[in-house]
Amino acid sequence: MMHPSSSDDRGQMLLATGVVLMMSLLSMAIFGVKMAGISMPYDTAGDDTIQASADIANSFPALTEARAQVWYDSGLTEVESVQKSIDSLHDDVLHHGEIRGVELKLLNITVIESDGVISVSSELGAADRNSMLTRIISFEIDLDA
């Protein structure tokens, strides 16, 4: 026959084990949430939308020309090389936005060739949870120069 005190001890041990398990899970969840915030080096509550779009607008023409020159030197036409350059930069712009905590997108990209000069025009969209802006980026590239 079982003593009543031994069944009480088993119930208390089971309860204690459950509490320890719950506390461990809660601790891991809090740690995970804190770690997720480490990947966001910028505070998107400020002027990051303006700053990130300015960074892209300032560097986009030179980067496009440098990458297009590589493609042009490998044998592609001027228009093809500029188009490939912009396609690769589009992915980089998206990634740059993810790192900054700002959504950046190049929209309505046009590449037109006239008398050996390539005209590029694009709309840069930038947004975070507090603001949104659109900026037109236009420039010309002459790969033969």
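Values reported hereafter were calculated over all heavy atoms of this structure, with side chains retained and with hydrogens, waters and symmetry mates removed. The structure presented is a predicted model; accordingly, all values stated were derived computationally and were not measured.
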Check the pair L94 / K105 against side-chain contact (heavy atoms from CB on, under 4.5 Å), numbers first and verdict last.
CA-CA 6 Å; L94 291 174; K105 287 190 179 180; 3.8 Å; yes

Rounded to the nearest 0.5 Å, how far apart are CG of L104 and NE2 of H90?
10.0 Å

Heavy atoms only: give me the nearest V102-A126 pair and the separation to one decimal.
CG1-CB, 4.4 Å

Same cluster for F60 and W71 if Ile/Leu/Val/Met/Phe/Trp/Tyr side chains link at under 4.5 Å?
no

Donor-acceptor contact below 3.5 Å, side chain E98 vs main chain G101:
no

Heavy-atom side-chain proximity of V70 to D73 below 4.5 angstrom:
no

Is there a side-chain contact between E78 and V82 in this structure, where contact means two heavy atoms from C-beta onward sitting under 4.5 Å apart?
no

When clusters are formed by joining ILVMFWY residues with side-chain heavy atoms under 4.5 Å apart, either directly or through shared neighbours, do L76 and L63 land in the same one?
no

Which pair of heavy atoms, one from G116 and one from D142, lies closest together, and at what distance?
O-OD1, 3.3 Å

Ignoring hydrogens and geometry, is there a side-chain-to-backbone donor-acceptor pair from S85 to S81 under 3.5 Å?
no

Of the options V111, V117, T64, which is the one that meets I141 in a side-chain contact (heavy atoms from CB on, under 4.5 Å)?
T64

Can S131 and D128 be counted as having a side-chain donor-acceptor contact under 3.5 angstrom?
yes

Nearest-0.5 Å distance that lies between atom CG in L107 and atom CD1 in I109
7.5 Å

Closest heavy-atom pair and its distance - S122, L106:
OG-CD2, 3.6 Å

Sub-3.5 Å donor-acceptor pair from the side chain of T49 to the main-chain atoms of M132, do we have one?
no

Is E103 atom CD crowded by more than 12 heavy atoms from other residues, nucleotides or ligands, each under 6.0 Å away?
no

Calculate, to the nearest 0.5 Å, the distance between atoms NE2 and OG belonging to H96 and S59 respectively.
7.5 Å

Value for CD (Q51) from CD1 (I56), rounded to nearest 0.5 Å, stands at 10.5 Å

Which pair of heavy atoms, one from I137 and one from A57, lies closest together, and at what distance?
CD1-CA, 3.8 Å

Spatial distance of atom NZ (K84) from atom CG (L89) [nearest 0.5 Å]
13.0 Å

Check R135 against I50 and note the closest heavy-atom contact, atom names and distance.
NH1-O, 4.4 Å

